[in-house]
Every structure is written in structure tokens, then in C-alpha cells.
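Contents: one structure, followed by commentary.
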Amino acid sequence: MRVFITGGTGLIGSAVVAELIGHGHSVLALARSDASARAAAKAGAEPLRGGLADLDVLRKGAGQADGVIHLAFGNDFSSPEAVVNSIAEETAGLTTMGDALIGSDRPFVTVSGTPWVSGRASVETDPLPTDGPVGGRGRTVNAILALAEKGVRTSAVRLPRTVHNNGDGGFAGLLTTVARRTGVSGYPGDGTQRWPAVHALDAAVLFRLALESAPAGTAWHAVGDEGDAVRDIATVIGRRLGLPVEEVPQENFGPFGPIFAMDQPASSAHTREALGWQPTHCSLLEDLENIQP
Ligand SMILES: NC(=O)c1ccc[n+]([C@@H]2O[C@H](COP(=O)([O-])OP(=O)(O)OC[C@H]3O[C@@H](n4cnc5c(N)ncnc54)[C@H](OP(=O)(O)O)[C@@H]3O)[C@@H](O)[C@H]2O)c1
């Protein structure tokens with residue numbers, strides 16, 4: 001397949017591009033800068049210059065492809081307004097690509113997140129949260145999945161809070177960044193809350209499997225570790241950085257504080273069984289051993 005991808009130069013997207021090319025697909029990659037275009041070309045993809053806000057470019061990319069994978073998201077979490085703007089930009093971009101695919105029966109795989117359910121690991125049939133700071137992303141994913149009714153083979157790959165590679169990425173990566181800045185490897189609450197995780201190279205395989213074979217309107221869980229206690233994550237980070245490990249107020253983590261404080265394990269049993277997905281790369285706690293002081 002010729003696959004159009006957004007976010008193909010990111011931590012996860014670069015793994016997806018390699019996975020696609022390694023399995024005989026060709027890749028057209030949205031690239032918003034010269035540096036991103038060079039990175040995409042080096043990875044073996046054809047760059048398509050433009051950003052998520054360039055709706056004509058997205059329309060053209062989706063229109064030229066046999067399938068689309070969406071991963072791009074603005075990385076500015078500095079304020080609630082910045083997050084709102086990134087969500088609005090993503091919604092417009094996803095809607096444009098979805099419209100371009102209506103009636104084509106082509107696959108459209110979008111990134112999503114694992115939901116949280118009180119007292120148990122969330123499963124693929126649990127609904128996405130549609131309120132809170134990132135609820136807008138959930139509402140948009142639901143709208144894209146509904147295009148299954150209009151001749152688009154839509155699917156969502158729900159990622160856990162931490163998608164890691166070489167000791168970095170996701171919420172655990174944010175904990176590391178805050179620890180380096182504050183001199184304390186902190187965790188909110190009592191640290192027993194569990195966060196799920198997956199290695200980026202394993203997540204990439206699931207994006208390919210969803211592109212190739214997921215039925216229309218379905219959601220999948222790219223979960224390698226069902227849930228690591230946040231205190232255990234902070235303990236490895238503290239040891240690697242030579243910093244004390246302590247409970248800290250959730251406000252230390254800005255808009256993410258309330259999400260960081262939640263117990264949110266997630267299961268991928270159905271995904272493994274139905275799509276034959278099997279994670280093979282190291283766990284989060286093993287990968288964090290790659291953190292350099
Ligand atoms: N990492 C995690 O643990 C995790 C967990 C759950 C969900 N996710 C989601 O997974 C997706 C990918 O995450 P990631 O960790 O791979 O992110 P990342 O490393 O920050 O990469 C982001 C990608 O999106 C591109 N991008 C950002 N804003 C763009 C814009 N306005 N126009 C065009 N391209 C834009 C970036 O392009 P440049 O190369 O030009 O910067 C890059 O390719 C995101 O939707 C993220 O929210 C990630």
C-alpha cells in the first residue's frame with residue numbers, strides 16, 4: 001500500500017514508518033520543516049511539505065494514498081490554551097482527511113489513548129473520555145470512527161500514557177524531565193496508581209496491523225505493560241539520575257497533574273487475540289535503565 005502518514009518523524013511515527021517500509025509498503029510523510037523532510041527522506045519515505053493546519057495538503061496526501069495513518073499532534077503543553085489550540089488543529093486536520101476518504105473503503109488509522117475505568121484495567125470496548133483537558137481528542141476520534149458508516153475503514157490505535165524508546169517518551173519521559181529540572185524524582189499521590197506502557201517498536205507493529213486488517217469502526221489497545229506503579233517508575237528514574245524519590249503535589253505537573261494522579265491500567269488481551277499482535281520489546285521499567293544522568 002502507499003500510505004500517507006502524519007507525525008511520521010516523531011518518536012512513534014518514525015517507528016511506524018520503518019515498520020511499514022519493512023513490510024513492503026511505501027510511505028508519503030507530512031513534513032512541516034526542511035529538517036522533518038530530510039528525516040522522512042532519510043527513513044525512506046517521500047516527504048510532503050506542509051503542517052497539520054495546511055488542510056489542502058492533507059486533502060492531497062490522503063487523496064493520493066491507499067491508506068492513512070495519523071499521529072501528528074502539537075507538543076506545546078505549556079498552558080490549557082495551547083492544548084486547546086493543538087486539539088482544534090488536529091480536529092480540523094483529521095476531519096479533512098476523513099472527508100477525503102469517504103466512499104473509498106480505504107483504511108484510516110488514527111492515534112488515540114487508552115481510557116481509564118475505576119477499579120479495573122480498561123478494555124477496547126470502554127468508551128473514550130470526552131471531557132477534561134484532552135476530552136476534545138476523544139470526541140474527534142469518535143467522529144472519525146463513525147466514518148465507518150460512510151465507506152471509510154476507520155480504526156483507532158489507543159496508546160497508553162507512556163510510549164517509550166531508549167528510556168524516553170510519554171508520561172514517564174515527562175517525569176524524567178521534571179526530575180532533572182527540580183532535582184527530585186517526584187510522583188503525585190501515594191505512587192500506587194498504575195500507568196500502562198508500550199515500547200514504540202511494538203506500538204508500530206499494531207499501527208501496521210490495524211492498517212492492513214482492522215475492520216471498520218474498531219479500537220485497539222497498544223498496551224505492553226498493563227500498569228506500572230508510578231512510584232516504581234519514579235524509583236528507576238531517581239536511581240538513574242542520582243536523585244531522591246519523593247511524593248510531590250500534583251500541581252507540580254501542571255495541566256497533567258490530575259491525569260498523573262489517576263490509576264489507569266489498561267488491557268490488550270482482545271487486541272492480541274483478534275489481530276495476532278504480540279509485543280516483543282523491553283518493558284518500561286527495563287527501558288528506563290537507558291536514562292543517562
Ligand atoms: N509518546 C507517548 O507516550 C504517547 C502516548 C499517548 C499518545 N501519544 C500520541 O501519539 C502521537 C505521536 O506521539 P510522539 O510521542 O511520537 O510525538 P512526537 O515525538 O512529539 O512527534 C510528533 C510528530 O508530530 C509532528 N507534528 C507535530 N505538530 C505538527 C503540526 N502542527 N504539523 C505537522 N506535524 C506536526 C512532528 O513533526 P516534527 O518532526 O516536524 O516536529 C512529529 O512528527 C501524538 O498524537 C501523541 O499525542 C503519544
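In this text the structure is predicted, and so the values were computed from the model without any measurement. One-based numbering, in listed order, for ligands and for the atoms of each.
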Heteroatom proximity flag, Thr9 to ligand 1, N/O under 3.5 Å: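 Yes, Thr9 has an N/O under 3.5 Å of an N/O on ligand 1.
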Any N/O pair Phe171/ligand 1 closer than 3.5 Å: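 The answer is no, given that Phe171 and ligand 1 share no N or O pair closer than 3.5 Å.
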Modelled atom types, side-chain donor and acceptor of His70 and Thr6, under 3.5 Å: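 On atom types as modelled, these side chains qualify, holding a pair under 3.5 Å.
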Between Ser26 and Glu46, a side-chain donor and acceptor under 3.5 Å: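 Result is no, nothing qualifies.
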Full working for side chain to side chain contact (heavy atoms under 4.5 Å, CB included) between Leu241 and Ser185: CA-CA 8 Å; Leu241 297 180; Ser185 179; over 6 Å; no
For [atom], what is the nearest protein heavy atom, given as residue, atom name and distance?
atom: atom 15 (O) of ligand 1; value: Ile12 CD1, 3.8 Å
atom: atom 24 (O) of ligand 1; value: Ala72 CA, 3.3 Å
atom: atom 19 (O) of ligand 1; value: Leu11 N, 2.8 Å
atom: atom 41 (O) of ligand 1; value: Arg32 NH2, 2.7 Å
atom: atom 8 (N) of ligand 1; value: Leu159 CD1, 3.8 Å
atom: atom 32 (N) of ligand 1; value: Leu52 N, 2.8 Å
atom: atom 12 (C) of ligand 1; value: Leu71 O, 3.4 Å
atom: atom 5 (C) of ligand 1; value: Pro160 O, 3.1 Å

Under 4.0 Å to a heavy atom of [X] - the qualifying atoms of ligand 1, by number:
X: Thr162; answer: 3 (O)
X: Gly170; answer: 1 (N), 2 (C), 3 (O)
X: Gly74; answer: 28 (N)

Under 3.5 Å: donor-acceptor pair, side chain of Asp99, backbone of Thr96: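 No, the answer is negative, given that no donor and acceptor are paired below the 3.5 Å cut-off.
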Heavy-atom donor-acceptor pair, Arg49 side chain to Ala31 backbone, under 3.5 Å: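 Present.
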Heavy-atom nearest neighbour of atom 40 (O) of ligand 1 within options Ser36, Ala35, Ser86, Gly10: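 Comparing heavy atoms across Ser36, Ala35, Ser86, Gly10, the nearest one to atom 40 (O) of ligand 1 lies in Ser36.
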Heavy-atom nearest neighbour of atom 31 (N) of ligand 1 within options Arg137, Glu89, Glu90, His70: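 Going through Arg137, Glu89, Glu90, His70 one by one, Glu89 has the nearest heavy atom to atom 31 (N) of ligand 1.
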Whether Phe253 and Phe260 hold their rings parallel, tilted or perpendicular, with breakpoints at 30° and 60°: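 Rings of Phe253 and Phe260: tilted, 30 to 60°.
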N-O pairing of Arg2 and Asp66 below 4.0 Å: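 The answer is no: the pair does not qualify as a salt bridge.
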Residues Thr95, Thr91; criterion side chain to side chain contact (heavy atoms under 4.5 Å, CB included); working and verdict: CA-CA 6 Å; Thr95 305; Thr91 299; 4.1 Å; yes
Val111 contact mode with ligand 1 (heavy-atom cut-off under 4.0 Å):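 The part of Val111 near ligand 1 is the side chain, not the backbone.
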Single hit among Leu284, Val198, Asp228, Asp225 for side chain to side chain contact (heavy atoms under 4.5 Å, CB included) with Pro160: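 Filter result, single survivor: Val198.
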Arg137 to Phe73 six-membered ring, cation-pi geometry met (6.0 Å, 45°):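 So Arg137 does make the cation-pi contact.
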